Amino acid sequence: MTAEKDTVHYEGSEGGWGSVRGIFETALRERTSPGALDTLRRQNKVGGFMCVSCAWGKPAKPHAFEFCENGAKATLWELTSLRCTPDFFAKHTLTELRTWKDYDLEQQGRLTHPMRYDAATDKYVPCGWDEAFGAIGAELKALDPGSAVFYASGRASLETSYLYALFARLYGHNNLPDSSNMCHETTSVALKKVIGSPVGTCVLDDFETCDAIFFFGQNPGTNSPRLLHPLQEAVKRGCKIVTFNPVREKGLESFKNPQSPLEMLTPKATQISTLYLQVKTGGDIAAIMGLIKYVLAAEEKKWAEEQLHVLDVDFIAQHTAGFDEMKAQADATSWDDIERESGLARVDIEAAAEIYVQAKRSICMYGMGLTQHVHGFHNLATLTNLWLLKGNIGREGAGISPVRGHSNVQGQRTVGISEKPELVPLDTLAEQFRFEPPREEGMNTVKACENIISGEVRAFIGLGGNFIRAIPEREKMEDAWSRLRLTVQIATKLNRSHLVHGEVTYLLPCLGRSEEDRQASGAQKVTMEDSLSCIHGSFGKNTPASKDLLSEPAIVAGLAKATLPENPKVRWDEWVGNYDLIRDLIEATYPEQFHDFNKRVFTPGGFYRGNSARERVWKTESGKANFTVATSLSAIGVGDAPGRYRLMTMRSNDQFNTTIYGYSDRLRGIEGTRDVLLMNPEDIAAAGLTVGQVVGLASDAEDNVDRQVVGLTVTPFLLPRGCIGGYYPEMNPLVPLWYHDEESKTPASKGVPVRIVA
Ligand SMILES: Nc1nc2c(c(=O)[nH]1)N[C@H]1C(S)=C(S)[C@@H](COP(=O)(O)OP(=O)(O)OC[C@H]3O[C@@H](n4cnc5c(=O)[nH]c(N)nc54)[C@H](O)[C@@H]3O)O[C@H]1N2
Ligand SMILES: Nc1nc2c(c(=O)[nH]1)N[C@H]1C(S)=C(S)[C@@H](COP(=O)(O)OP(=O)(O)OC[C@H]3O[C@@H](n4cnc5c(=O)[nH]c(N)nc54)[C@H](O)[C@@H]3O)O[C@H]1N2
Ligand SMILES: [Mo]
C-alpha cells in the first residue's frame with residue numbers, strides 16, 4: 001500500500017489559520033475596500049445577503065461570521081475594485097483574448113458596459129441597452145423559437161429565474177438547460193423515480209439528532225465549508241461519520257473551526273470521519289451493495305438469535321416496492337466481485353456497515369462523486385436501497401441529503417427553469433398569462449450541445465455561467481459555436497464563453513447579488529433556495545460596480561419586451577419596478593409552496609417549502625418508495641483495459657467552477673499550478689514514468705475520436721490504483737459528449753477513460 005509520506009499532501013487540518021490567510025490573499029488580489037469586510041458580516045444573515053458560493057443551508061441562529069473561506073472569496077471576487085471597461089476591449093481582439101487563461105480573464109474585474117461584437121475589428125464595442133435589446137429582439141423574432149436555447153447557471157434569484165422561464169415559454173420553447181444538467185440532474189431524475197421527490201429529504205435540525213452520517217463523493221472542506229460546523233458539532237456529540245472517497249479530502253479528515261478562538265490557539269482539530277474508505281472511482285455501487293449484503297445478513301442473524309429485526313420491516317411492508325428483487329440481486333452478488341469493483345476490503349465495508357446497523361438514525365450525503373458517472377442513476381438508486389432498508393427516509397434525524405452546487409440551482413428548477421414540461425404547472429401558467437405554453441420536451445445541456453453541433457440551434461442566451469468551459473467535448477463545441485446566428489451572455493465578469501462568438505453577439509453586464517438593486521419602487525430584495533429546500537431573502541447594499549449595470553430581472557424583461565408581442569397579462573415594466581409583484585406571480589403559480597411569499601421572505605433559517613418524501617408520501621409511479629435492481633456493479637461506462645485510467649476531473653480549493661481564484665489547492669498540498677496529473681506512486685512506477693515528468697492525456701473512449709490535453713506534470717498522490725486526477729475545467733476536452741449518465745444525461749466527468757501519452 002502507498003504511504004502518505006510518498007505523496008503530495010497537506011499537513012494541517014481544514015479551517016484553521018490557512019483559511020484565514022486564504023481570505024486575506026483574495027482581498028489583496030481583488031483590491032477590495034475595507035467596507036467589503038462589513039459586507040462579509042452581513043453574509044447569510046436575516047436581512048443580509050445570501051452567499052453567492054454554495055447552496056448549503058443557513059441556520060436560523062447564525063454564527064457571528066456565518067461564512068467560510070470560500071464564501072468570503074466568492075464575495076470578495078464580486079466586490080473587486082478592478083474593472084473590465086470598454087477601454088480594455090478596445091485594446092484586445094477576441095482572437096487574442098482566446099489565448100488568455102481563465103484566471104487572467106476574470107482578473108480584469110467587473111464588466112461595466114453592454115458590449116456588441118464587431119466582426120470588422122474582431123473586438124467588443126460599447127453599445128446602449130436599448131440598442132442591444134432591440135437588436136436581440138429583432139433576431140429572436142426572425143428565428144424559429146424551437147431553435148433558441150436559454151441556459152441558466154444556477155446563481156440567478158428565484159425572481160429572475162421565474163421571469164426567464166416565463167420569457168422562454170411565451171416566446172415558444174422549453175429549451176431551458178441549467179447548470180444542474182451537468183451537476184445534480186442525476187439527483188432530480190433518480191430521487192424522483194425512487195422516492196418521488198427530486199430533492200433531498202433532510203432539514204438542518206436532522207443533523208442535531210442523527211447517529212451516523214455517510215458521505216459519498218462530496219468534498220465539504222472546499223465546496224460547502226459551512227457544512228463542517230454541523231458536522232463538527234455532530235462528531236462532538238458522538239455521531240459517527242463514514243466517508244467513501246478515492247481522495248483523502250482534508251475537510252472530511254479533520255477540522256479546526258476558524259471562528260473559535262480557542263481552537264485557533266491550540267493544536268487541537270476535530271477528527272471528522274470515524275472511518276475513511278478510499279473507494280475506487282466508480283466503485284460505489286459495489287461498495288453499497290456490500291453494505292446491503294452485510295445489513296441483510298445481520299437481519300437474518302438477529303432474527304435467528306433474538307427474534308428481533310435490524311431492518312425496518314413495517315416500513316418495508318407498508319411503504320416500499322421491489323424488496324425481493326433487490327434482495328435477490330444482493331444475494332447473487334459475490335464478495336469477490338464487490339471487492340474487485342469497489343477496490344475495498346470486505347472487512348472495511350463490513351466495519352462501515354456495522355456503523356449503519358448500530359445507528360438508529362442515519363443521513364447520507366453525496367455530491368459529484370456519485371452523480372457524474374455513466375451509471376450515476378444506479379449510484380443513487382442503490383444508495384436509496386440501503387436507506388430504505390432501515391426506514392431511514394421520512395423521519396427525524398434521518399434521510400438523504402444531496403449537497404447541491406450553485407447557490408440557487410435547486411430554486412431555479414423549483415420556479416420553472418426546466419426542459420421537462422411535465423415538471424412545470426403549464427396549465428396554471430396558461431391561465432395566469434392567457435397563452436398556450438409549448439408542451440414538447442426542451443433541450444437539456446447535452447441535447448443543446450448536440451444540436452449546436454448539428455446546426456439545429458441558432459441562438460444561445462446565457463443567464464450567467466461559462467457554458468463553453470463547463471461542458472464536455474470542448475474543441476468540437478467551440479468550432480460549432482461560431483456558426484450560431486445569435487449569442488447573448490449576461491454576466492458579471494469576463495470568461496471564455498464571451499470570447500467564442502456567433503454572427504451576432506452581445507455581452508450584457510449585470511449587478512451582483514451583494515449590490516444595491518434600486519428600481520421604481522425603491523431598493524429590491526431577491527430570494528433563493530438552499531440544498532435543504534429553505535427559501536431565503538437577500539438584500540444587496542453595496543454600490544454597484546458601474547452605473548451602467550442593470551439587474552438580472554431588468555435584463556430579462558428588456559429582452560422579453562423587445563421580443564414578444566403585447567399581452568395585457570404580462571407587465572414587464574411593473575414587475576421590474578417592484579419585485580414583490582414577481583413574488584406574487586410565483587405564489588400564484590406555486591401556491592402550496594410559496595403561500596404568503598412576501599411576508600415570509602426574511603424568515604430566520606429560511607421558510608421550508610416542504611417535501612412529500614419527508615412525509616412518507618411517495619409521488620412515484622408505484623405510489624411507494626422503490627427498491628431498484630442495479631444494471632451494473634460499476635458506475636463506469638467504458639470498461640477497464642491495459643493502459644487505461646479512470647480520470648476524475650476535480651475542483652481545487654481555489655476555484656468556483658470555471659472561476660479560478662488562484663493556484664493554491666492548499667488542502668491537497670498542490671501549489672502554484674493547475675497543470676498536474678495526480679497519480680498513485682505505484683502506478684507512476686508501473687507506467688515507467690517519473691515524478692515531475694511532463695505528459696499528456698488522450699481520450700481512450702473507444703470511439704476513435706482524438707481528444708488530448710498536454711503539459712501535465714506527473715504528481716504522486718494518494719489515490720487508488722488505476723484512478724487518476726486532473727482539474728476541471730482544464731480536463732474538459734477529454735470528456736466525450738456522449739459519455740453521460742444514462743438516465744439524466746449528466747456528463748460523466750468523474751470516470752473519464754483516458755491513457756497517458758508522452
Ligand atoms: N469553493 C467552491 N465551492 C463550490 C464549487 C467550487 O467549484 N468551488 N462548486 C459548486 C458546485 S456547482 C457544485 S456542484 C459543488 C460540487 O461539490 P462536490 O460535489 O464536492 O464536487 P467535486 O469537488 O467535483 O467532487 C466531489 C468529490 O467526489 C470525489 N469522487 C470522485 N469520483 C468519485 C467516485 O467515483 N466515488 C466517490 N465516492 N467519490 C468520488 C472527489 O474526490 C471529490 O472529493 O460545489 C459547489 N461549491
Ligand atoms: N469536467 C467537469 N466539468 C464540469 C464539472 C466537473 O466537475 N467536471 N462540474 C459541472 C458543474 S457541477 C457545474 S454546476 C457546471 C458549472 O457551469 P456554469 O454554471 O456555467 O459555470 P460557472 O463557472 O459557475 O460560471 C462562472 C461565470 O458566471 C458569471 N457570473 C458570476 N456571478 C454572476 C451573477 O451574479 N450573475 C450572472 N449573470 N453571471 C454571473 C461570471 O461571468 C463567471 O465567469 O460545470 C460542470 N462541468
Ligand atoms: Mo454544480
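In what follows, every heavy atom counts, from backbone to side chain, and hydrogens, waters and symmetry copies are set aside. Count residues from 1 along the sequence. What you see is a predicted model, and the numbers here were worked out from it, not measured in a lab.
- When all heavy atoms of C51 and G71 are compared, the closest pair comes out as SG-CA, 3.6 Å.
- For the residue pair D122/Y117, the side-chain donor-acceptor check at 3.5 Å is satisfied.
- Side-chain contact of T112 with T85: a donor-acceptor pair under 3.5 Å is absent, judged by distance alone.
- Within the 4.5 Å cutoff, the side chain of H498 has no heavy atoms near those of the L105 side chain.
- Using modelled atom types, no side-chain atom of K745 and backbone atom of N444 make a donor-acceptor pair closer than 3.5 Å.
- Screening L689, V757, T713 against V695 for a side-chain contact (heavy atoms from CB on, under 4.5 Å) leaves a single residue, L689.
- Here the side chain of R248 pairs no donor or acceptor atom with the backbone of N245 at under 3.5 angstrom.
- With salt bridges taken as basic N to acidic carboxylate O contacts below 4.0 Å, none links R155 and E552.
- Between L697 and V752 there is no side-chain heavy-atom pair separated by less than 4.5 Å.
- Salt bridge status for K493 with E30: present, with a side-chain N to carboxylate O gap under 4.0 Å.
- Not one N or O on the side chain of E419 forms a donor-acceptor pair closer than 3.5 Å with the backbone of P177.
- Counting heavy atoms of neighbouring residues, nucleotides and ligands inside a 6.0 Å radius, atom NZ of K420 exceeds 12 of them.
- No side-chain donor-acceptor contact under 3.5 Å links N70 and S53.
- Between the side chains of R513 and S407, a donor-acceptor pair is found at a separation under 3.5 Å.
- Side chains of E185 and T746: no donor on one and acceptor on the other come within 3.5 Å.
- Residues Q412 and S180 bring no donor and acceptor atom of their side chains to less than 3.5 Å of each other.
- Ring orientation note: the planes of H406 and F656 are tilted relative to one another, at an angle of 30° to 60°.
- By the 6.0 Å contact criterion, NZ on K447 is open, its count of non-hydrogen atoms from other residues, nucleotides or ligands being 12 or less.
- The closest donor-acceptor contact from the side chain of E515 to the backbone of A545 lies under 3.5 Å.
- The shortest distance between side-chain heavy atoms of V199 and P402 does not fall below 4.5 Å.
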*Apply side chain to side chain donor-acceptor pair (under 3.5 Å) to the pair S224 and Q218, showing each step before the final yes or no.*
CA-CA 9 Å; S224 48; Q218 202 269 335; 3.0 Å; yes
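- T7 and P681 get closest at one heavy-atom pair: CG2-CG, 3.7 Å.
- Between T186 and L370 there is no side-chain heavy-atom pair separated by less than 4.5 Å.
- The nearest pair of heavy atoms linking D703 to R707 is OD2-NH2, 2.8 Å.
- The two residues S179 and V409 come nearest to each other via the heavy atoms OG-CG2, 3.8 Å.
- At least one side-chain heavy atom of I636 sits under 4.5 Å from a side-chain heavy atom of H373.
- The closest donor-acceptor contact from the side chain of S497 to the backbone of I468 lies under 3.5 Å.
- Partner D640 forms a salt bridge (charged side-chain N to carboxylate O under 4.0 Å, His left out) with one of R721, R646, R755 and no other, that one being R646.
- With hydrogens and angles disregarded, a donor-acceptor distance shorter than 3.5 Å links the side chain of Q108 to the backbone of D104.
- Below 30°, between 30° and 60°, or above 60°: for F467 and W481 the angle between ring planes is between 30° and 60°, a tilted geometry.
- Comment: R110 does not engage E78 in a salt bridge, judged by the lack of any side-chain N to carboxylate O separation of less than 4.0 angstrom.
- Classification of D654 and K73 as a salt-bridged pair holds, one side-chain N sitting under 4.0 Å from a carboxylate O.
- Around CZ of R98, the count of heavy atoms belonging to other residues, nucleotides or ligands within 6.0 Å exceeds 12.
- Nearest approach of L647 to G725, heavy atoms of both residues: CD1-C, 3.9 Å.
- Checked against a 6.0 Å centroid threshold, the rings of H184 and Y366 count as neighbours.
- Judged purely by atom type and a 3.5 angstrom limit, S531 uses its side chain to pair as donor or acceptor with the backbone of R404.
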_Candidate pair Y727 and D665, rule side chain to side chain donor-acceptor pair (under 3.5 Å), full reasoning_ = CA-CA 10 Å; Y727 287 118; D665 197 0; 2.5 Å; yes
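- Proximity of V247 to L719: side-chain heavy atoms (C-beta onward) are separated by under 4.5 Å at one or more points.
- Side chains of N219 and M650 form no contact here, defined as non-hydrogen atoms less than 4.5 Å apart.
- The two residues I555 and P509 make their nearest non-hydrogen contact at CD1-O, 3.7 Å.
- Considering R674, R496, R469 in turn, R469 is the only one that fulfils the salt bridge (charged side-chain N to carboxylate O under 4.0 Å, His left out) rule with D102.
- Looking at E529 and N408, their side chains come closer than 4.5 Å, going by heavy atoms from C-beta outward.
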